[in-house]
**Q** 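A single structure is presented below for examination.
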Amino acid sequence: MEILRTPDERFADLPGYPFAPNYVEIEGGLRVHYVDEGPRDGEVVLMLHGEPSWSYLYRKMIPVFTAAGLRSIAPDLIGFGRSDKVAPRTEYTYQRHVDWTWEAVEKIGVTDMTLIGQDWGSLIGMRLVAEHPDAFARMVIANGFLPTGDNPPGDAFLAWQKFSQEVPEMPIGGIVNGGCTSDLDAAVIAAYDAPYPDETYKEGARQFPLLVPTSPDDPAAAPNRKAWESLQAFTKPVLTAFGDQDPITRGGERVIQKLIPGTKDQPHTTIEGGGHFIQEDRGEELAAVIVDFIKKNPR
């Protein structure tokens with residue numbers, strides 16, 4: 001396995017992202033970066049990003065959480081942000097992403113967390129909650145799901161999957177911009193591009209769309225079905241907060257609310273004007289909804 005590490009200077013002076021870097025090292029010598037803001041004795045919110053973003057996606061939400069006395073932790077998945085990237089791309093598997101992320105969480109040393117997952121942050125995060133339910137106090141899914149491959153993925157996802165494999169140069173910042181209802185300015189788009197000096201650093205982003213289970217015999221299908229069995233016994237508070245303009249995950253919230261008992265009697269929210277990257281379009285509003293959810297569901 002070859003390890004690539006983005007030079008630190010590429011992260012200098014990114015707009016709206018003043019957070020000091022923190023790192024843990026996991027198996028294989030891989031370095032995982034994470035944001036860690038707010039009081040060390042505060043309740044922990046664990047924010048997991050998706051494809052092809054990084055912890056920069058949560059920059060609007062972190063100040064809202066810290067102002068509410070919450071400890072805000074936002075890791076960069078391996079292959080993204082300030083975390084290490086690996087090659088060749090076949091080194092990235094769904095199971096490895098789950099294992100890497102959990103090992104990083106253990107090394108950070110937090111528990112009793114509120115998971116916030118969006119996109120792949122849900123595909124990984126819901127697995128973590130299912131496999132380590134005692135480590136989580138609550139769960140928030142915002143534009144995410146846990147697919148098993150037993151249902152067709154939909155035309156929007158298939159079009160994205162095809163694009164991701166065929167585009168000669170993957171325009172990371174442009175992809176994020178295209179998934180927003182708002183139009184990001186050039187400096188923000190450049191910040192999403194910052195972790196990737198060239199195409200060799202984007203193999204994780206290239207591989208992610210191929211790792212989503214789209215058939216019942218996918219390698220991740222059985223583990224995800226097993227995770228759903230656990231989640232159907234998860235009675236701790238669960239909130240869905242989906243954007244009303246996300247074509248990728250639309251409808252997923254209804255399945256979550258139907259199958260996970262912890263969703264009962266919670267103030268599930270549809271946020272107007274929220275695209276797929278709801279943290280960009282309505283980040284402060286989403287964070288306020290989550291703060292209220294945590295306050296109304298004390299440990």
Side-chain angles (χ1 to χ4, degrees), residues 32 34-35 43-58 60-62 65 70 72-81 83 94 97-102 104-105 108 110 112-133 135-148 176 179 208 211-213 220 223-224 227-228 230-231 234 236-243 246 248-257 259-260 262-263 266 268-269 271 274-280 282-283 286-287 289-291 293-294 297:
V32 176
Y34 64 102
V35 175
E43 287 201 55
V44 174
V45 288
L46 176 70
M47 295 163 273
L48 297 184
H49 70 83
E51 158 83 342
S53 62
W54 57 290
S55 57
Y56 187 76
L57 183 68
Y58 284 101
K60 298 179 182 179
M61 298 177 64
I62 290 169
F65 291 145
L70 301 172
S72 304
I73 294 179
D76 291 333
L77 302 176
I78 291 292
F80 298 85
S83 289
Y94 194 142
H97 273 296
V98 173
D99 295 342
W100 283 333
T101 306
W102 178 245
V105 169
I108 295 168
V110 289
D112 216 15
M113 298 166 279
T114 297
L115 170 78
I116 303 170
Q118 178 262 345
D119 190 88
W120 262 96
S122 298
L123 273 76
I124 295 169
M126 293 177 76
R127 282 278 299 272
L128 298 185
V129 173
E131 295 169 15
H132 310 279
F136 293 91
R138 309 171 196 84
M139 178 168 64
V140 179
I141 303 300
N143 293 355
F145 196 60
L146 183 66
T148 62
V176 176
F208 247 161
L211 300 182
V212 177
N224 281 11
W228 271 111
S230 174
L231 291 170
F234 190 77
K236 296 175 186 177
V238 178
L239 179 73
T240 61
F242 280 47
D246 179 18
I248 302 293
T249 63
R250 182 180 294 129
E253 71 275 27
R254 293 193 295 272
V255 179
I256 293 170
Q257 292 168 24
L259 294 180
I260 303 180
T263 60
Q266 296 299 334
H268 304 293
T269 304
I271 296 181
H276 183 62
F277 296 102
I278 190 171
Q279 302 96 322
E280 277 290 348
R282 298 292 185 270
L286 175 60
V289 165
I290 294 170
V291 168
F293 166 67
I294 292 172
N297 291 277

**Q** Just by distance, no angles: are the side chains of Asn297 and Arg138 close enough, under 3.5 Å, to form a donor-acceptor pair?
**A**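 No, no side-chain donor-acceptor pair sits under 3.5 Å.
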**Q** So do Val105 and His132 actually touch side chain to side chain, heavy atoms under 4.5 Å?
**A**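 No; the side chains remain at least 4.5 Å from each other.
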**Q** Under 4.5 Å between any side-chain heavy atoms of Phe145 and Phe242, yes or no?
**A**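 Of all side-chain heavy-atom pairs linking Phe242 with Phe145, none is under 4.5 Å.
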**Q** If the plane angle is over 60° it's perpendicular, under 30° parallel, otherwise tilted; pick one for Trp100 and His97.
**A**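 Perpendicular, since the angle between the ring planes exceeds 60°.
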**Q** Using distance alone, with no hydrogens and no angle criterion, decide if Thr114 and Glu43 have a side-chain donor and acceptor under 3.5 Å apart.
**A**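 Note: Thr114 and Glu43 side chains miss the donor-acceptor criterion.
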**Q** Are the aromatic rings of His49 and Tyr58 close, with centres under 6.0 Å apart?
**A**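 Here the rings of Tyr58 and His49 have centres that are no less than 6.0 Å from each other.
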**Q** Do Val110 and Ile73 come close enough that some side-chain heavy atom pair is under 4.5 Å?
**A**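 Answer yes - side chains close enough.
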**Q** Short question: side chain of Asp246, backbone of Asn143 - any donor-acceptor pair under 3.5 Å?
**A**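 Answer holds: no.
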**Q** Who pairs with Tyr94 by ring-ring contact (aromatic ring centres under 6.0 Å, His included), at least two apart in sequence or on another chain?
**A**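 For Tyr94 the ring-ring contact (aromatic ring centres under 6.0 Å, His included) partners, ignoring immediate neighbours, are Trp120.
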**Q** For Ser55 and Asp76, which I'm curious about, is there any donor-acceptor pair between the side chains at under 3.5 Å?
**A**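 The answer is yes; a qualifying pair exists.
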**Q** Taking all non-hydrogen atoms of both residues, which atom of Ala142 and which atom of Ile278 are closest, and how far apart?
**A**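 Scanning both residues completely, I find the closest heavy atoms to be CB-CG2, 4.3 Å.
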**Q** What distance do Trp228 atom CH2 and Arg127 atom CZ have between them, rounded to the nearest 0.5 Å?
**A**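 If we round to the nearest 0.5 Å, Trp228:CH2 and Arg127:CZ are 13.0 Å apart.
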**Q** In Å and rounded to the nearest 0.5 Å, what is the CG to CD1 distance from Asp99 to Ile124?
**A**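 Atom-to-atom, Asp99:CG and Ile124:CD1 are 10.5 Å apart.
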